[in-house]
Amino acid sequence: MSWWGLMQPQKRQKVVIVGGGAGGLILANSLARREGFSVTLINDTPYHYYLPQLLQIAFRGDDSQLKRELVGLVKKNVDLLIDSVETVDLNNRTVLTRSGRSINYDVVVLAPGLSIDHTAIKGNDKLVSLYGDFHSTPDNAWRTFNVINSLKKGKLVIAVADPGHRCPPSPYEGALLADEALRARGVRGQVEITLAVPYPRAYPAETFNEVLEPILKERGINIETFFTVDTVDVDNRKMTSLEGGELSFDAAIVVPIHRGPKVKVVPEDLKTEDGFVKADKLTNRIGDFDDAFAIGDSSTSTTVRTGVTAHLEAKVVEKRLLGLSAQNTGRTNCPTEIGFEMGTFVISDFNHPSVKLPPKGVFFIMKRLFADTYWDVLKHPEFWDPIFDVYFEATSPEKLWKMFP
C-alpha cells in the first residue's frame, strides 16, 4: 500500500444487529469498542427485558429487575434504532423495517428472540387469560402470581407443551417455587401440585434428573411423564395429552409453544417450519452466507434457549469477525432455583452430559447476585469477559464431572 493509502481512513465494516436481547446487546457493545466496525442495533421496543424475572414475578411478586431502557445500556458509538425489522434480505444485504427504512450492511446478525404462540394448543389462549404463565409477558406472570396467592385448595397443574421452550429448568423452578409459596401461606396441604412433562422422566437429561427428581418427590410434587399437552378445556377444567392422557385441574399453567421470530428472511428456506433461523451450531453462520449469523433464541444453532447461550454465541461471532476461528462448545450454565434459598446449575457441553451438581445455598446466592450484575454485564462486556473466562474454565463440565461423578 502506498504512503497516500496509509494516510486515508480505512473503511469500517458496517454490522447490523437485529434484536437488543442479551446476545444482540452484548455483541453490539463488544464490537463498538473495536476498531474497524460501525455498529447499528435495531430493536422493536425501547426496553431490554431480563426474562428470568418473569419467574420472580409469578412466584414472588418481584419485578425489580424486569427491564431497563436500551438507550442507557448501549455504548455511545452504537447507532440504536427503535423500529421493527420486517425483512432481512441476505441476497441483497438489506434490512427492511416497518417504518420504511432500508438499511444496507456488510455483516448482519439476527438476534430477535422468539415468539410465543398460545393458540397452538387448543384452549390455551383462554387458559392463559385466566391463570397466566411465566414464559411470555409480565402481565401473564402477574396473573400467575395472583392465582398462586389466592389458591386455597384443589389441583394445580404445571404442564410443558413445548420441549424446546426457553430456559429448560424453568417449569421445575415454577413447581418448586409454587410449593414454597403455598407452604408460606399454610395451604400446601390442601393443594395438590402436578408437573406434567413430555419426557420419560421428570427432567429430560438423565444425569440432572438424578439430582432434580428426588427433590420434586420430597416436596410432594406429582410427576406425570409422557404428557405432551394437546388440548385444554377450561370450562371442564381438564387437559389432554398427545399420548392420550388426561389431567383435571383447578388452576393450570402451560409452558406454551415457542416459535421462531416473525422476521422474514430471504431466501425463505433458511427458516424452519416453526420459524427458527437455520444456522450452524459451531459458527452461528446462516446457511452458506459468510456475512450473516444468527444467535440466541431465534437460531437453530442454540443448544438451549437461555441468556447465557446467547452471550456465549455473541462472543463467538465477535471473535470470528475479528478473524479468529472461535466455535461454540455447547456450554450450558442454567441456574436452577429450588426454593427455600437453595439452588443448583444445569451445566453441560457438546462432550459432557449435565453435571450432577447437588443443591447448595451458595448457588441460590449466585443466581440472585447475577440478576443484580446483569445490566452491567450487558453494557461493559469488556470488563466482565475475563471474569467469565475464569468462571467457565473453573466450572467446565469436564472438571465438575470429576468432582461430582
Side-chain angles (χ1 to χ4, degrees), residues 52 55 135 158-177 179-180 193-228 243 255 258 281-282 297 300-313 327-367 370 388 390-405:
L55 190 77
H135 281 81
I158 297 177
V160 177
D162 183 358
H165 62 82
R166 188 189 284 132
C167 188
S170 56
Y172 310 90
E173 292 181 290
L176 290 162
L177 293 183
D179 168 81
E180 178 188 60
I193 301 177
T194 297
L195 179 64
V197 297
Y199 322 116
R201 60 186 74 88
Y203 195 83
E206 183 175 0
T207 50
F208 190 70
N209 185 67
E210 294 179 24
V211 175
L212 194 57
E213 187 167 334
I215 298 170
L216 296 167
K217 290 181 177 180
E218 180 183 346
R219 300 274 285 276
I221 296 171
N222 303 324
I223 303 166
E224 186 79 14
T225 58
F226 293 113
F227 194 98
T228 308
E243 296 83 358
V255 177
H258 292 40
K281 77 172 187 176
L282 297 179
D297 293 348
T300 60
S301 66
T302 299
T303 309
V304 292
R305 296 189 170 101
T306 68
V308 171
T309 302
H311 182 170
L312 292 174
E313 289 183 337
Q327 293 186 340
N328 297 316
T329 64
R331 172 64 191 263
T332 66
N333 194 79
C334 305
T336 304
E337 192 173 346
I338 65 171
F340 302 103
E341 299 187 352
M342 296 288 286
T344 180
F345 280 79
V346 182
I347 294 178
S348 63
D349 61 23
F350 287 144
N351 298 315
H352 302 86
S354 299
V355 177
K356 302 176 187 178
L357 202 61
K360 295 181 182 296
V362 67
F363 297 146
F364 165 79
I365 294 172
M366 287 171 66
K367 178 177 180 178
F370 180 74
F388 281 118
V390 171
Y391 169 78
F392 285 124
E393 174 61 26
T395 60
S396 70
E398 182 177 6
K399 291 181 178 179
L400 291 181
W401 263 107
K402 294 176 181 177
M403 298 171 61
F404 304 100

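Numbers for residues simply follow the sequence, beginning at 1. Everything quoted here is computed from the prediction, not taken from an experiment.
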Dump the intermediate steps for side-chain contact (heavy atoms from CB on, under 4.5 Å) on Asn328 and Glu313, then the final yes or no.
CA-CA 7 Å; Asn328 297 316; Glu313 289 183 337; 3.7 Å; yes
Could you pull out the closest heavy-atom pair between [X] and [Y], with the gap in Å?
{"X": "Thr306", "Y": "Cys167", "result": "CG2-CA, 4.1 Å"}
{"X": "Asp179", "Y": "Ile221", "result": "CB-CD1, 4.3 Å"}
{"X": "Pro163", "Y": "Ala161", "result": "CD-O, 3.9 Å"}
{"X": "Ile338", "Y": "Pro359", "result": "CD1-CB, 3.6 Å"}
{"X": "Ile158", "Y": "Pro171", "result": "CG2-O, 4.2 Å"}
{"X": "Phe350", "Y": "Gly330", "result": "CE1-N, 3.4 Å"}

Compile the donor-acceptor pairs under 3.5 Å between side chains in residues 193-202 and protein atoms, sequence neighbours left out, one pair per line.
| from | atom 1 | to | atom 2 | distance (Å) |
| --- | --- | --- | --- | --- |
| Thr194 | OG1 | Asn222 | ND2 | 3.4 |
| Arg201 | NH1 | Pro204 | O | 2.8 |

Might you work through the side-chain contact (heavy atoms from CB on, under 4.5 Å) test for Tyr391 and Met366, ending with a clear yes or no?
CA-CA 12 Å; Tyr391 169 78; Met366 287 171 66; 3.9 Å; yes
Look only at the side chain of [X] and the backbone of [Y], and say whether a donor-acceptor pair between them is shorter than 3.5 Å.
{"X": "Thr207", "Y": "Ser354", "value": "yes"}
{"X": "Arg166", "Y": "His135", "value": "yes"}
{"X": "Asp162", "Y": "His258", "value": "yes"}
{"X": "Glu337", "Y": "Glu173", "value": "no"}

For Lys367, I'd like to know if atom NZ has over 12 heavy atoms of other residues, nucleotides or ligands within 6.0 Å.
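Enclosed: over 12 neighbouring heavy atoms sit under 6.0 Å from NZ of Lys367.
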Should we count CD of Glu206 as having more than 12 external heavy atoms under 6.0 Å?
no
Nearest-0.5 Å distance, [atom1] of residue [X] to [atom2] of residue [Y]:
{"X": "Lys356", "Y": "Asn209", "atom1": "NZ", "atom2": "CG", "value": "11.0 Å"}
{"X": "Glu243", "Y": "Thr225", "atom1": "CD", "atom2": "OG1", "value": "9.0 Å"}
{"X": "Ile215", "Y": "Thr336", "atom1": "CD1", "atom2": "OG1", "value": "9.5 Å"}
{"X": "Phe208", "Y": "Leu357", "atom1": "CZ", "atom2": "CG", "value": "7.5 Å"}
{"X": "Phe364", "Y": "Glu341", "atom1": "CZ", "atom2": "CD", "value": "4.5 Å"}

Check the pair Phe388, Leu312 against side-chain contact (heavy atoms from CB on, under 4.5 Å), reporting the backbone distance first and the verdict last.
CA-CA 10 Å; Phe388 281 118; Leu312 292 174; over 6 Å; no
For the residue pair Tyr172 and Tyr203, categorise the inter-ring angle as parallel (less than 30°), tilted (30 to 60°) or perpendicular (more than 60°).
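Tilted, since the angle between the ring planes falls between 30° and 60°.
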For Phe392 and Thr329, run side-chain contact (heavy atoms from CB on, under 4.5 Å): C-alpha distance rounded to whole Å, both residues' side-chain angles, the deciding distance at 0.1 Å, then the answer.
CA-CA 11 Å; Phe392 285 124; Thr329 64; over 6 Å; no
Can you name the residues that form a salt bridge (Lys or Arg N to Asp or Glu O under 4.0 Å) with Arg305, not counting sequence neighbours?
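Scan of Arg305 (salt bridge (Lys or Arg N to Asp or Glu O under 4.0 Å), adjacent residues dropped) gives none.
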Taking the side chain as every heavy atom from C-beta outward, state whether Val211 and Val346 have any atom pair closer than 4.5 Å.
no
Is there a side-chain hydrogen bond (donor to acceptor under 3.5 Å, both in side chains) between Ser348 and Thr332 once you walk through the steps?
CA-CA 5 Å; Ser348 63; Thr332 66; 2.9 Å; yes
Qualifying residues under side chain to side chain donor-acceptor pair (under 3.5 Å), relative to Thr395, sequence neighbours excluded
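Residues passing side chain to side chain donor-acceptor pair (under 3.5 Å) with Thr395: Arg331.
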Using 4.0 Å as the upper bound for N to carboxylate O, is an ion pair formed by Glu393 and Lys399?
yes
